[in-house]
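Each remark here refers to the structure printed beneath this line.
Side-chain atoms are counted along with the backbone in the values below, which use heavy atoms only and exclude waters and symmetry mates. Because the structure is a prediction, the values reported are computed rather than measured.
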Amino acid sequence: MLQESSRLSMSRIRCILRGIDLKTYIFLFILVPTCIFGIYIHGQKISYFLRPIWESPPKPFHDIPHYFHENVSMEALCELHGWRIREFPRRVYDAVLFSNEVDILTIRWKELYPYITHFVLLESNSTFTGVPKPMVFASHRDQFKFIEPRLTYGTIGGRFKKGENPFVEEALQRVALDYLLKIAGISDDDLLIMSDVDEIPSRHTINLLRWCDDIPQVLHLRLKNYLYSFEFLVDNNSWRASVHRYQTGKTRYAHYRQTDEILADAGWHCSFCFRHISEFIFKMKAYSHNDRVRFSHYLNPKRVQRVICKGADLFDMLPEEYTFKDIIGKMGPIPRSFSAVHLPSYLLENADKYKFLLPGNCLRENE
């Protein structure tokens, strides 16, 4: 009985196969596996391209026009913004979490130095992804003697939890930075700059905010968004940096949207702006979005260098936008900019030392 049933089943299969033409065979055994492989390779791109379908754009910011000219008085600048000038400027605290961005930190602190009351820096022996890292700032501290009298430096031990969401470790380090700010002596109505090391407010922006009364309690800063160097201008839409009028018990160090108010043209965000190829590879593996390294060849030094000079994406991703128009408009390499106007002054004063950050100098050093 079993043998007869088996023979019937096989005969049915043979009949079905005889009824399938060559085109169907090609579809089943070539096109279907090819499609599956394509989805595996480019699934992330497909997901990002379809983002406008499954995610709505965030609420637009209320942009505050930014007025500045070096020959206009501070009183007049405050009035142009609808604010009043103070009798004396507020104190300003600049607080950052530090990983390994020595060059960008130098440019940041040199830009802000004239108007910062106190610099606060927290460093960990772990990346957000739980990878052990050297204490880079501690080993380069001699390079920052110019701010030493105004510096509060703290360290925090990593928890090295494999597989944990990197944003958990990042949040814990930001809480530790709140504690470090209290040690540094911050008090009510002092200005606190909340931004990553590579999000650099312009000097005149901070001077404006410390001298003007009636500024918002919390104000985001719209920064020019660069990738790899000041040669590749992505857009003018970096918004995470913010300035706060400190309130004891209320102000918490954070890196997400905290208000609808944003000040236009307030500085520069230079992401992945490193001197050495090894620094690019380290950040790709270490930062909170390390899941974007989907294939090991992404970390190949020759590939990294090639991508930098092309102005393409290190993770081979589509733009993170909310409309098909913006996604399509930003697809492909970033157009080169040949302008080095209105960049941090210390960068231009030391152009030979930092030429890798200027237009026409995409080649990086190998250690």
Geometric cation-pi criterion [X] and [Y], 6.0 Å radius, 45° cone:
X      : Y      : answer
Lys110 : Phe146 : yes
Arg303 : Tyr298 : yes
Arg240 : Tyr256 : no

Task: Ion pair check, Asp326 and Arg51, cut-off under 4.0 Å - done: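 Arg51 and Asp326: not salt-bridged.
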
TODO: Run the salt-bridge test on Lys283 and Glu279 with the 4.0 Å N-O cut-off and return the result as yes or no.
DONE: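 Judged by the 4.0 Å cut-off on N to carboxylate O distance, Lys283 and Glu279 do not form a salt bridge.
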
Open item on the list: Just so I know, are the side chains of Arg210 and Asn207 near enough to count as touching, which here means a heavy-atom distance under 4.5 Å?
Closed with: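 When only atoms from C-beta onward are counted, Asn207 and Arg210 do touch, with a gap below 4.5 Å.
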
Is there a donor-acceptor contact under 3.5 Å linking the side chains of [X] and [Y]?
X      : Y      : result
His118 : Thr152 : yes
Tyr153 : Glu123 : yes
Arg91  : Ser187 : yes
Arg150 : Tyr113 : yes
Arg108 : Ser195 : yes
Ser126 : Ser124 : no

- [ ] Assert yes or no for the condition that the ring centre distance of Phe274 to Phe280 is strictly below 6.0 Å.
- [x]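 Yes; Phe280 has its ring centre under 6.0 Å from that of Phe274.
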
TODO: Tell me whether Tyr354 is reachable from Tyr228 by hopping between hydrophobic residues (I, L, V, M, F, W, Y) whose side-chain heavy atoms are closer than 4.5 Å.
DONE: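 Each belongs to a different hydrophobic cluster.
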
TODO: Classify the angle between the aromatic ring planes of Phe61 and Trp239 as parallel (below 30°), tilted (30 to 60°) or perpendicular (above 60°).
DONE: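 It falls in the tilted class, 30° to 60°.
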
Short question: side chain of [X], backbone of [Y] - any donor-acceptor pair under 3.5 Å?
X      : Y      : answer
Lys133 : Ser99  : yes
His66  : Asp265 : yes
Gln217 : Arg245 : yes

TODO: Determine whether more than 12 heavy atoms belonging to other residues, nucleotides or ligands lie under 6.0 Å from atom CG of Asn71.
DONE: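 Check passes, neighbour count above 12.
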
TODO: Using a cut-off of 6.0 Å, state whether more than 12 heavy atoms not belonging to Lys355 lie near its atom NZ.
DONE: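 No - once you tally the heavy atoms of other residues, nucleotides and ligands closer than 6.0 Å, there are 12 at most.
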
Open item on the list: For Pro301 versus Ile281, what's the shortest heavy-atom pair and its separation?
Closed with: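 Minimum heavy-atom separation between Pro301 and Ile281: CG-CD1, 4.0 Å.
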
- [ ] Check each of Tyr67, Tyr115, Trp211, Phe68 against His204 using the ring-ring contact (aromatic ring centres under 6.0 Å, His included) test, and report the only one that passes.
- [x]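 It is Phe68; the other options fail the test.
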
